[in-house]
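So you know, we letter chains A, B, ... as the sequences are listed, proteins then strands, and number each from 1. The shown structure was predicted, so the numbers you read here are calculated from the model rather than taken from an experiment.
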Amino acid sequence: MAWFHRSGKIPHIPFMRFARAFFLASGLLVIASIGAVATIGLNFGIDFQGGTMIEIGFEEPADLGAVREVMGGLGLGEVQVQEFGNANDVLIRVAEQPGGDAAQQAVVTEVRAALGERFGEGVSYRRVEVVGPKVGDELVFDGVLAVVVAVIAMLFYIWLRFDTQFGVGAVASLTHDVILTLGIFSVFQLEFGLPIVAALLTILGYSINDTVVVYDRIRENLRKYKKMDLPELIDLSINETLSRTLVTSGTTLLALLALFYFGGPVIHNFVFAMIFGIVIGTYSSIFIASPTLKYLGVRRDWSGEGAGKTTKGASA
Amino acid sequence: MLYFARWKILTILAVCLAGLIFALPNVLPRSVLDSLPDAVPSDQVRLGLDLQGGAHLLLELDVEEVYLDRLETVRDDVRDVLRGQTPSIGYTALRVVDGAVVVRIRDQAEMDTALSRIRGLIGTVDTGMAGIGGGPDLEVSVEESTLVRIVMTEAAQEQRAANTVAQAITVLRRRIDALGTLDPTIQRQGSDRILVQVPGLRDVAGLKQIITETAKMTFHLVDVGVSPQDIAAGNVPPSGMVVPSQDGYNQQYVVEKRALVTGESLVDAFPTTDQGGQPAVGFRFDGAGAKKFGDVTTANVGRPFAIVLDGKVISAPVIQSPILGGNGIITGNFTFESANNLAILLRAGALPASLVIVEERTVGPDLGQDSIEAGEVAAVVGFVSVIAFMAIYYARFGIFAALALVVNLVLIVGALSALGATLTLPGIAGIVLTMGMAVDANVLVFERIREELANGKSPVNAIDTGYQRAFGTIIDANVTTLIAAAILFQLGSGPVRGFAVTLGIGIITSVFTAVMLTRLMVALWVRRARPKTLAI
């Protein structure tokens, strides 16, 4: 029955020996990501920037040049025209127009009139999204608020269930995950919209979920092996939970890959963010959250609450 | 952990059965569902606008306009109490400026009387609780000894905005219902916004037009004594006002400011044709309106009167003979469609203030169908690959987990149907994601069992300890993800919210299936097979 039977033996990978190198690498990536966001910036979708997005479909492969020509003739400032999902569908993005909410609405009417004149009945409107300047600002605020509140709430739970050092480790790994995801969106100039905020929050949830599993084992081993060196104990805990980490990440990635390839173009970026986040979240619980404990030290005596001595890990 | 009391087994099975019953309507055809008795659940999962197509419009009320309206009434009231009561009080510079009514009293000696009359205008804010707790609606202050300043209190502003939004919603509902579309949602958002969602709509442009048009109609006599040159020079008598024509030829009319009759007197409006067969809108006044209209038209035969809609003259026919029955038709540059639309608007009444569309998301039915199909394919592929992986990797236990995953999916669909939650495309993504993550709790347990077996424990003992030890971790790990889902639900909007719902439901059902259902399956198997060795 068991084609894939395993011995149940625990691997002995000395993660903590490489902790410093991975810390450094992650640090550099975080700095690079911040640099990318600061210099290249994020390609904000209309959710956050305001503006108009129109997806149109043709019966045959679309003539992008002709659509560009029509759009260019309207004098609407920055306009993007690109293929979307397949050759028949075209996504048109128009930057926010000066003149408030009514001006954005006027764009839709103008574009429809112009496209109708050029292409007649051959064009169908698959999707129209218009976000006014005021709503855009609110969505930015709500998005940032959601991420911040989520981080604080999850940390509060960690702090409640564990110790302060664990909380610090969790913050470090969550911040790391968010910044690197922002970095990759900036470098590849992927559209950053409302669904990506949802993806970020899910990544946070997943990452902390992963971290909690490792932390749980560390805490358990702290009770079990009172004399073991902290780095050794952390290594043991990561190794013991390693196969679970890989299996869960693996099944989640399986599901996400199905969405990525078959889920349609509308959620492509959303799923991409999620895939990247799952990989980075798994990495960070092993190489960021756990080593943080090594550097900060943890309370060794978990037999009673409160009074306990904090010991730092031996030299790396 | 391997012992189950009988009631526990029954509860677990009952939950699964309930999930199945609530999920079932989604796979049954509509005709079967309609023939079922009422007691049987027949609600299907509601599809979001991104899946079934439709329009999502967020409208914002112009609150400044609402406040201005009120302040202008106050200004007129102040004029009345100062000039209209005896002895009349002299004043200058009565006007509305910067969100306040200001007036300067000429004679300082009359200030006390003036103030007491103005203060008499202060009412209370209606809190909807028979006047309990409502503070004053106006605030009167004195500046520079003779300058009186009147502003609306914050409570009064809020209440006025709330009332206006409520009225606007009523009008919108009448208008949208007249379009004959299937269950539109019209609800208030925050203090000054209205969310309109109309599923399955094709003519979005028409909807937008019918929503944003204020449709305030008034009838005015035209002042024919003013020539176009006078208008250009600004020589308009104080009783008149300049109104542009709707047809776009830059024609302007000077009409009397005072309206003869307003749209409020209308009891009916309908599309019709004039004598020449051109589209027109017929209307009927109520008794009072009809009498007034009859009197005015009797006295003004031969003069034109203007029909003004939202600040534009639709037409200005000459009164041929007195119109006594309260019936009439409006001609203009109508098409059959625009005549019908105007009739709908007039029947539904005027909006109490103008509305601006601040957010629009519309999805065509084709894209919705494409998204559903893509979501279904992704779900099936994801589901099958996760199940296959589990079965290969954990053998018999993997099959238990796979069965639990099937039940999990049924429970999610059942819960979505029972709660009346809306399924969006990100929501489908949430379900697929949960499928990947749902096995986590099982994985935690199975890995623990492997460890215990490696430590030399007997199979039964290893399974028991495995479940015990993994339980705390499962709870910790899932509570944190649940926190993320809850915050997404609270702060998210539209599609994001749909994602949060499925993620949250998925977390709860996956913990249930892993901790209860798989454990029950394992326990029943162990009890029967009494394994000496364990392949996991």
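The part of B/Leu58 that comes within reach of chain A is its side chain, from C-beta onward, which places non-hydrogen atoms under 4.5 angstrom from that chain. With a 4.5 angstrom heavy-atom cutoff, B/Gln490 does not touch chain A via any of its atoms. Interface remark: B/Val479 contributes side-chain atoms only to the contact with chain A (heavy atom separation under 4.5 Å). Looking at B/Asn442, neither its backbone nor its side chain comes within 4.5 Å of chain A, counting heavy atoms on both sides. For a residue to count as touching a neighbouring chain, one of its non-hydrogen atoms must lie under 4.5 Å from one of that chain's; by this rule A/Val147 does not touch chain B. Heavy atoms of A/Met53 lying under 4.5 Å from chain B are absent altogether. Both the backbone and the side chain of A/Leu201 come within less than 4.5 Å of a heavy atom in chain B. B/Leu503 touches chain A through its side chain: at least one heavy atom from C-beta onward sits under 4.5 Å away, while N, CA, C and O do not.
The residues B/Asp366 and A/Arg127 are annotated as not salt-bridged, no charged nitrogen and carboxylate oxygen being separated by less than 4.0 angstrom. Between A/Glu240 and B/Arg448 there is no salt bridge, since no side-chain N of the basic residue sits under 4.0 Å from a carboxylate O of the acidic one.
Considering OG of A/Ser243 and CZ of B/Phe446, their distance stands at 13.0 Å, rounded to 0.5 Å. Atoms CZ and CG, on A/Phe84 and B/Leu367 in that order, are 8.0 Å from each other to the nearest 0.5 Å. In this structure, the separation between OG1 on B/Thr480 and CG on A/Leu155 is 10.5 Å, given to the nearest 0.5 Å.
In this structure, A/Arg244 and B/Asp440 have side chains that are in contact, with non-hydrogen atoms separated by less than 4.5 Å. Counting heavy atoms from C-beta on, the side chains of B/Val380 and A/Phe262 never come closer than 4.5 Å. A 4.5 Å side-chain heavy-atom check between B/Glu359 and A/Glu129 finds every atom pair outside the cut-off. Residues B/Phe389 and A/Val247 meet the side-chain proximity criterion, which asks for heavy atoms closer than 4.5 Å. Within the 4.5 Å cutoff, side-chain heavy atoms of B/Glu360 are placed close to those of A/Val128.
Contacts with chain B were tallied for A/Leu257, A/Asp47, A/Leu253, A/Asp210; A/Asp47 has the most, counting heavy-atom pairs under 4.5 Å. With respect to chain B, the highest number of heavy-atom pairs below 4.5 Å among A/Phe260, A/Phe270, A/Tyr261 belongs to A/Phe270. In terms of heavy-atom pairs under 4.5 Å with chain A, the best-connected choice from B/Ala486, B/Ala484, B/Ala477 is B/Ala477. Per-residue heavy-atom pair counts under 4.5 Å with chain A were compared for B/Thr481, B/Ile357, B/Leu57, and the maximum is reached by B/Ile357. When B/Val363, B/Val358, B/Val204 are compared by the number of non-hydrogen pairs under 4.5 Å with chain A, B/Val358 comes out ahead. Of the residues considered (B/Gly375, B/Ala378, B/Gly472, B/Ala470), B/Ala378 shows the highest number of contacts with chain A, using heavy-atom pairs under 4.5 Å. The choice from A/Gln104, A/Met274, A/Arg217, A/Arg112 that makes the most heavy-atom pairs within less than 4.5 Å of chain B is A/Arg217.
Closest heavy-atom contact between B/Ala374 and A/Gly264: CB-N, 3.8 Å. Looking at every heavy atom in both residues, A/Ala146 comes nearest to B/Ile487 through O-CG2, 3.5 Å. Counting all heavy atoms, side chain and backbone alike, A/Ala198 lies closest to B/Leu488 at CA-CD2, 3.8 Å. Closest non-hydrogen pair, B/Ser385 versus A/Leu254, comes out as O-CD1, 3.7 Å.
Within a 6.0 Å radius of CD in A/Glu121, no more than 12 heavy atoms belonging to other residues, nucleotides or ligands are found.
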Could you walk me through whether B/Asp476 and A/Tyr215 pass side chain to side chain donor-acceptor pair (under 3.5 Å), step by step? CA-CA 10 Å; B/Asp476 277 343; A/Tyr215 276 5; over 6 Å; no
If you apply the rule side chain to side chain contact (heavy atoms under 4.5 Å, CB included), what do you find for B/Thr212 with A/Gln105, and how did you get there? CA-CA 11 Å; B/Thr212 48; A/Gln105 277 298 323; over 6 Å; no
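Under the side chain to side chain donor-acceptor pair (under 3.5 Å) test applied with B/Thr473, the options A/Asn209, A/Thr241, A/Asp216 reduce to a single match, A/Asp216.
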